[in-house]
Student: 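Next up is a structure, given as structure tokens.
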Amino acid sequence: MPELPEVETIRRGLAGLAGRRVQQVRWARASLRGKTVRSLEELRGRTICGLDRHGKFLLVRLDDASTFVVHLGMTGKLLLGRPGDDPRPHTHLEVGLDDGSTLRYIDPRRFGSLRLEAPGAIPPEVSRYGPDAVSSHFTPQSLQENLRQSRAPLKAFLLDQSKVAGIGNIYACEALWRAGLSPRRSANRTPRGRIPLLHKSIVEVLTEAIGLGGTSFNDYVDSIGRPGTFVAKLAVFQREGEACPRCASKVRRIVQSGRSTFYCPKCQR
Ligand SMILES: [Zn+2]
């Protein structure tokens with residue numbers, strides 16, 4: 001599933017769309033699992049002012065102060081192409097722009113969501129979610145405050161978007177490995193003195209992954225179809241049985257809240 005670094009890579013790849021006007025919209029209504037609040041046909045005639053991101057959500061700002069909110073779900077892709085490009089299976093939305101380019105949303109498993117927020121409305125993803133993990137609003141102090149109030153295991157805490165937005169399974173495992181903290185430890189039992197390192201580990205792993213265009217296993221590609229290369233830098237994620245890069249113990253896999261967690265039982269405490 002695309003997490004913060006993958007969505008940020010896509011956002012950067014599409015930043016040049018600012019100033020482009022939407023000329024055509026082809027939308028396969030009701031083809032995605034998520035509910036649609038307004039008709040995406042209303043995108044026609046709008047000019048793109050800029051692209052923002054909050055956590056895993058891409059926020060396309062439009063000239064009437066509305067926001068087109070994209071969540072890639074499990075297998076969503078936003079691909080920039082030309083109108084004459086071969087049709088691709090699982091295309092749910094095709095937006096023709098005034099420079100002749102076409103933006104397509106492709107999603108085989110259909111867990112993504114595409115939503116047009118009313119002019120001036122703040123997308124609920126921004127108002128309900130915690131601070132974006134690479135923004136200045138995410139600080140060691142805000143992290144400490146939230147940790148204190150949660151009894152969830154650290155791994156589950158990091159996946160909770162209302163605490164901090166943008167971290168998914170891959171980067172939760174990697175950040176906890178970097179911080180030397182066990183994913184099973186209760187959030188409110190994180191020693192105060194170790195919180196700055198946890199904060200630093202989260203920000204660093206996400207920032208490094210952005211620098212390498214994200215992590216690709218099977219599905220994720222950027223806006224022109226290139227995979228990310230952070231997979232070579234993963235210390236523990238999907239490395240069960242391999243040697244921990246820090247202490248050479250075997251990386252273990254456990255299941256927490258129905259999802260795999262990878263960690264080093266020796267040097268993560
Ligand atoms: Zn280790």
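In each ligand, atom 1 is the first atom listed, and ligand 1 is the first ligand listed.
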Student: Mind checking whether His199 and Phe138 have ring centres under 6.0 Å apart?
Tutor: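 Between His199 and Phe138, the centre distance is under 6.0 Å.
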
Student: Going by ring-ring contact (aromatic ring centres under 6.0 Å, His included), name the residues that satisfy it together with Phe157, two or more places apart in sequence or in a different chain.
Tutor: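 With sequence neighbours excluded, Phe157 shows a ring-ring contact (aromatic ring centres under 6.0 Å, His included) to no residue whatsoever.
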
Student: Just to verify, what does Phe237 make a ring-ring contact (aromatic ring centres under 6.0 Å, His included) with, not counting sequence neighbours?
Tutor: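 Phe237 satisfies ring-ring contact (aromatic ring centres under 6.0 Å, His included) with Phe217, Phe262 only.
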
Student: Do any pairs count as a ring pair (Phe, Tyr, Trp, His ring centres under 6.0 Å) and have a residue in residues 75-101, sequence neighbours left out, and if so which ones?
Tutor: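 Applying ring pair (Phe, Tyr, Trp, His ring centres under 6.0 Å) to every pair that reaches into residues 75-101, excluding sequence neighbours, yields nothing.
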
Student: Run through Arg20, Arg21, Arg44, Arg46 and flag the one making a salt bridge (Lys or Arg N to Asp or Glu O under 4.0 Å) with Asp98.
Tutor: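 It is Arg20; the other options fail the test.
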
Student: Which residue in the set Gln238, Gln256, Lys155 passes side-chain hydrogen bond (donor to acceptor under 3.5 Å, both in side chains) when paired with Asn169?
Tutor: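 Passing option: Lys155.
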
Student: So, with waters excluded, how many protein N/O/S atoms does the Zn ion (ligand 1) have closer than 2.8 Å?
Tutor: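 Protein N, O or S neighbours of the Zn ion (ligand 1) under 2.8 Å, waters not counted, come to 4.
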
